[in-house]
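By convention in this document, chain letters (A, B, ...) are assigned in the order of the sequence lines, proteins followed by strands, and residues within each chain are numbered from 1. Values reported hereafter were calculated over all heavy atoms of this structure, with side chains retained and with hydrogens, waters and symmetry mates removed.
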Amino acid sequence: MAATDATTGIIGSDAFRLHADDEQAMRQEVHHFEQPRAACIEALKIVQRRHGWVPDGAIPAIARVLGVGPGDVEAVATFYSLIFRQPVGRHVILVCDSSSCFLSGFAELKQALVTQLGIDYGQTTGDDRFTLLPVCCLGACDGAPALMIDDDTYGPVTPGDLPGLLEEYP
Amino acid sequence: MTTTINSQRDSIRYRSRLLQPEKERSAGTHPLTWRLRDDGAAVWLDEYLRKDGYQSVRKALGQGDPRAIIATLKEANVRGRGGAGFSAGLKWSLTLQGGDMPRGYLICNADEMEPGTFKDRLLMEQQPHLLIEGMILGAYANNARFGYIFLRGEYLESARVLNRALQEARDAGWLGPDIDGSGFDFDIVVHSGAGRYICGEETALINSLEGKRANPRAKPPFPGQSGAWGKPSVVNNVETLCNVPAVILHGADWYQGLSGDRTDDGGSKLYGVSGPVHRPGLWELPMGTTGQEILDLAGGLRDGHTLKAWLPGGASTGFLLPEHLELPLDFDTVGKEGSRLGTGLLTVVPDSQSMVALMGNLEAFFARESCGWCTPCRDGLPWTVKLLQALEQGKGEPGDIELLDKLAADCGPGLTFCAHAPGAAMPLQTALKHFRHEFEQGISRSRGPAHQDAIPLGSV
Ligand SMILES: Cc1cc2nc3c(=O)[nH]c(=O)nc-3n(C[C@H](O)[C@H](O)[C@H](O)COP(=O)(O)O)c2cc1C
Ligand code: SF4
Ligand code: FES
């Protein structure tokens with residue numbers, strides 16, 4: 001069982017230490033806005049860049065840096081689809097399931113991903129290598145069907161492209 | 001060995017591209033794209049300046065009359081390219097300024113997430129300075145102190161290009177204090193989002209920018225009265241802002257002339273096609289170009305398909321039929337046919353596609369992306385998806401289609417907090433109108449117990 005931080009009552013808080021560089025980056029980000037709270041999304045992303053996801057303990061830590069309540073940070077953290085509140089694999093595959101891709105071979109591509117990885121949406125492969133998630137139209141519809149792996153956007157992608165492509169992400 | 005793998009990976013890497021070569025584009029006819037290079041590389045500051053870059057800023061700030069910018073935009077009838085077609089000049093004329101009013105914000109909506117839309121990405125990745133130039137003009141006209149580019153989180157290449165261009169502009173004095181010796185100061189930062197389609201709705205965008213959940217806000221007050229941090233804020237789409245420099249440089253009559261006698265809407269437009277066509281892509285064409293002309297540029301449908309239906313501007317627009325291909329694609333004409341121009345990027349539906357299945361896909365998108373604030377949207381859309389899935393599997397029941405009608409009507413304009421729900425209703429209503437028989441074919445069972453019995457209360 002995770003421990004509870006006495007000051008915040010949030011499970012797992014004590015296990016999380018905000019990296020000094022990250023805290024510095026968050027304080028830097030605050031300058032872009034009229035109120036520190038606006039840096040919340042970026043702060044979550046900063047944590048995610050280091051840890052791959054946003055552990056529970058990061059929520060009160062970010063709240064302290066921004067001077068807001070942990071509830072405010074948690075409300076944001078749970079709203080946005082690119083903030084991960086559970087551990088993900090080393091690489092995240094975002095497969096576009098919107099209309100143009102649907103009309104251009106999405107179903108076959110998705111099926112091939114499921115078959116080759118042995119996982120479905122929201123799951124991570126046993127070796128912690130890949131997490132599979134759906135995403136809204138990637139703005140790559142002239143290259144449908146499209147997907148992203150980490151920072152890279154690909155399209156059109158055929159099922160036959162997948163083995164070679166996935167190999168690039170060890 | 002490694003090189004082979006790399007080239008395979010690079011060969012399927014997505015690259016934004018315009019399908020018109022440089023020699024077919026000119027400053028007088030293609031104000032949005034004439035500077036783009038055939039090699040698709042970004043046009044950086046030196047090249048941009050060689051190609052008349054920032055001349056509109058020099059002209060407008062030199063003249064020193066922000067109101068004149070607004071008057072010219074109004075006269076040119078530049079209509080919002082984010083989907084709603086609202087006059088940019090009119091919007092800017094309503095921004096509160098002067099007196100005790102604090103200087104506010106100029107916000108570029110770069111959240112591009114409307115399914116079927118891939119135009120703003122091209123402008124940002126290949127010609128970042130045109131957007132910056134348009135934003136400076138917008139800031140000057142609206143007395144904005146600071147600018148944000150609200151960029152969807154997945155557009156990492158756009159973020160990289162924009163940030164480099166912003167630094168170039170700052171170093172050269174096009175951003176920062178005393179721009180071009182005018183005494184006007186303005187700067188811009190890129191704010192990258194973290195997903196969710198609803199962030200593109202302008203008031204949800206402002207909440208998101210402030211570091212809150214992206215629930216839309218009540219209007220009025222409109223952003224121009226009270227937007228980010230309660231200050232007057234102007235929200236415009238990327239393509240809209242990219243239209244402004246040429247209008248200021250060449251005037252309203254020239255802009256109006258771009259669309260000839262095709263339509264009353266002036267200017268040019270980034271039109272595009274996606275779906276099963278030979279050459280899906282993007283073109284800058286006169287406003288009011290017809291669907292047929294655009295489809296021809298895309299080489300028509302592939303694999304021997306014929307056209308069944310099409311969406312003129314994204315998932316939240318209504319289905320049109322092949323007979324509508326001859327219409328000029330402008331805001332009012334498409335509106336009169338029960339659809340909307342939306343983003344102006346066509347989605348093509350082939351004859352082999354089941355409309356019920358396609359609607360299932362569209363409504364699953366809208367259901368997932370609902371922010372959850374209003375009942376018809378939060379609860380009605382998942383219910384709609386369930387009914388569509390049942391119909392697709394041939395397990396529909398009598399009354400299901402009438403229920404779909406009702407659920408869509410409940411999402412109609414004015415019944416919900418924002419335009420997300422009406423956007424979900426329009427494709428469904430037009431699909432039910434044009435292709436009702438396909439939905440009817442999904443009804444196989446007599447009315448089941450779920451419809452007949454009183455709602456079981458369970459044991460207490
Ligand atoms: C659910 C929803 C999503 C939207 N997404 C976008 C978007 O991604 N980009 C955009 O420019 N406008 C989007 N809009 C429209 C904006 O609310 C707003 O009308 C637009 O940014 C105004 O700019 P314009 O007048 O220059 O078009 C969206 C609207 C709704 C209701
Ligand atoms: S219509 Fe939908 S997306 Fe818009 S505010 Fe209501 S619940 Fe949210
Ligand atoms: S619908 Fe998949 S990239 Fe646009």
Counting only non-hydrogen atoms closer than 4.5 Å, does [X] touch chain A with its backbone (N, CA, C, O), its side chain (CB onward), both, or neither?
X        : result
B:Leu362 : side chain
B:Leu209 : both
B:Arg121 : side chain
B:Arg279 : neither
B:Thr117 : backbone
B:Ala298 : neither
B:Lys231 : side chain
B:Gln353 : side chain
B:Val277 : neither

**Study point:** Salt-bridge criterion met for A:Glu23 and A:Arg17 (N-O under 4.0 Å)
**Key:**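 The answer is no: the pair does not qualify as a salt bridge.
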Check your understanding: Salt bridge or not for B:Arg160 and A:Asp151, using N-O below 4.0 Å?
Key -> no
Given that the side chain runs from C-beta out, which part of [X] has a heavy atom under 4.5 Å from chain B: side chain, backbone, both or neither?
X        : result
A:Asp72  : neither
A:Leu138 : both
A:Val135 : both

Leading residue by heavy atom contact count with chain A [cutoff under 4.5 Å; candidates [options]]:
options                               : result
B:Tyr105, B:Tyr155, B:Tyr14, B:Phe365 : B:Tyr14
B:Pro280, B:Gly153, B:Pro115          : B:Pro115
B:Cys199, B:Gly372, B:Ser208          : B:Ser208

**Study point:** Within 6.0 Å of CH2 in B:Trp229, more than 12 heavy atoms from elsewhere
**Key:** yes
Is any side-chain heavy atom of [Y] closer than 4.5 Å to one of [X]?
X        : Y        : answer
B:His420 : B:Pro216 : no
B:Leu297 : B:Leu19  : no
B:Leu156 : A:Met148 : yes

Practice item. Hey, can you tell me if B:Tyr148 and A:Phe33 have their rings parallel, tilted or perpendicular (30° and 60° cut-offs)? Key: parallel
Check your understanding: Taking atom types as modelled, is there a side-chain donor on B:Ser316 or B:Glu114 under 3.5 Å from an acceptor on the other?
Key ->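 Side-chain D/A pair, B:Ser316 to B:Glu114: present.
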Check your understanding: So how far is it from B:Ser16 OG to B:Met124 CE, rounded to the nearest 0.5 Å?
Key ->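 If I round to the nearest 0.5 Å, the distance is 9.0 Å.
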Practice item. Starting at OG1 of B:Thr343, measure out to CG of B:Leu270 and round the result to the nearest 0.5 Å. Key: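 Result: 10.5 Å between the selected atoms.
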Review point. Heavy atoms under 4.5 Å from chain A: which residues of residues 307-315 of chain B carry them?
Key: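 Residues B:Ala315 are the ones that qualify, each having a heavy atom under 4.5 Å from chain A.
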Study note, to complete from the structure: Within residues 75-89 of chain A, the residues sitting under 4.5 Å from chain B by heavy atom, in sequence order, are A:Ala75, A:Val76, A:Thr78, A:Phe79, A:Tyr80, A:Ser81, A:Leu82, A:Ile83
Review point. Is the side chain of B:Arg9 donor-acceptor paired with the backbone N or O of A:Tyr154 at a distance under 3.5 Å, no angle test?
Key: no
